[in-house]
Amino acid sequence: MNENELAQHQWQSTLQANYGVPAISLSHGLGAEVWDVEGKRYIDLLGGIATNILGHAHPVIVESVSSQISKLGHVSNFFSHPEVLKLASNLQEMVGDKSARSFFCNSGAEANEAAFKLSRLTGRTKVVATHGAFHGRTMGALSLTGQPAKRDPFLPLVKGVKHIPFGDIDAMRKAITKKTAMFIIEPIQGEYGVVMPPAGYLKAARERTLETGTMLVIDAVQTGMGRTGTWFGYEHESITPDVVTLAKGLGGGLPLGAMIAIGKYAELLTPGSHGTTFGGSPVACAAANATIDYLKAEKILEANIVKGQHLKSELAGVAGISEVRGQGLLIGIVLNQPIAKKVAADLWEAGFIVNPANDSVIRLAPPLIVSLDQLNQFILAIKKVVTSHG
Ligand SMILES: *Cc1c(COP(=O)(O)O)cnc(C)c1O
């Protein structure tokens, strides 16, 4: 039995079965590369699912986390500290609205739970979300999630949530009324297979929600932190939502989520109405601030767009690939056969970590510091693998 097989055995005898048994056990990483316990090297094109924005063991993360934990680890929300203030002010500037106020938590599900609870404080209770949406796994976030396979075993969920087809402007205008408390959407449905709405959808959603006085929530958990080439993934339609939820890349690899409310929605939470013990921890906030500073200083967002376009143009027209979609470095490679699981397994074998988002889509969400040379190695490898299945 090799080290990876040993890890599988240990996993099975000690962990619950909700994730399936991982085939590979990772030991360390550097930049966009990771090594498994057998010493095999991989180029990481998934980045811990859109999370390790700066890759593995990045010096600015190592420095910020080590220096913070060595002076102040956890304080609880009875106390303020410099890193949480700096992060809230960074986010206010990134959202571009002085009225923006942050609530910090530890995950995407919690950020969406917070938005869901905020919507109740508007005095309305009806919610609209979309088919295929992924907003998290806790009972409230799952009630917003639009995927029956994930929901059905856990019914009944929270009442009053209506799901409509993603990207359908007419259906959206009809479903959202003056009774709707909130409409929640992802700028791109990442988990569902990097599904893009038609141009103008976010703008139409902003218009309709302003007409009806409905809180517009953008779930930027996966598209946020520069992944699409803008900070949160909605800016290309030049809208300002009422609420933005963040997690995944926010902490630069550390667990951190945020629910940012803007304008009158920033005034709805009052002392005692919501909270979480670890939210806004000094260590996670220090990592987030270091990540944001680095993204700005190195102009990473601009570079993302170039890298994403390079992937799209190099893979367009390859036999076996019907479409390459997405924005910046959130990319869905659509295969013309339902063989994404096999293709992903072959790519792992060849030393490239990718994710089969569904039967026919390979999702890429690499660290934003991935190099063109690493992307070119991947392009060669996937062409070879896809051709071999032709
Ligand atoms: C991953 C994800 C979530 C859930 O985040 P967790 O940290 O896993 O709870 C919510 N929304 C979107 C868009 C996501 O991609």
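Residue numbers start at 1 and run along the sequence shown. Counting starts at 1 for both ligands and their atoms, in listed order.
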ask   = Does any N or O in the side chain of S143 come within less than 3.5 Å of the main-chain N or O of M139, such that one atom is a donor and the other an acceptor?
value = yes
Residue pairs passing the salt bridge (Lys or Arg N to Asp or Glu O under 4.0 Å) test with at least one member in residues 371-390, sequence neighbours excluded, are none
Check the orientation of Y19 and W11. Use parallel for under 30°, tilted for 30 to 60°, and perpendicular for over 60°.
perpendicular
With sequence neighbours left out, the residues meeting side chain to side chain donor-acceptor pair (under 3.5 Å) with K86 are D293
Check: every ligand 1 N/O to protein N/O pair under 3.5 Å:
from: ligand 1; atom 1: 5 (O); to: G108; atom 2: N; distance (Å): 3.4
from: ligand 1; atom 1: 7 (O); to: G108; atom 2: N; distance (Å): 2.8
from: ligand 1; atom 1: 9 (O); to: G108; atom 2: N; distance (Å): 3.4
from: ligand 1; atom 1: 9 (O); to: A109; atom 2: N; distance (Å): 2.8
from: ligand 1; atom 1: 11 (N); to: F134; atom 2: O; distance (Å): 3.1
from: ligand 1; atom 1: 11 (N); to: D219; atom 2: OD1; distance (Å): 3.4
from: ligand 1; atom 1: 11 (N); to: D219; atom 2: OD2; distance (Å): 2.7
from: ligand 1; atom 1: 15 (O); to: Q222; atom 2: NE2; distance (Å): 2.7
from: ligand 1; atom 1: 15 (O); to: K248; atom 2: NZ; distance (Å): 2.6

Notebook entry, point to check: When you measure from the side chain of R101 to the backbone N and O of K98, does any donor-acceptor pair fall under 3.5 Å?
Noted result: yes
Enumerate, atom names and distances included, each donor-acceptor pair closer than 3.5 Å involving a side-chain atom of residues 129-137, sequence neighbours excluded.
from: T130; atom 1: OG1; to: Q189; atom 2: NE2; distance (Å): 3.1
from: H135; atom 1: ND1; to: D219; atom 2: OD2; distance (Å): 2.8

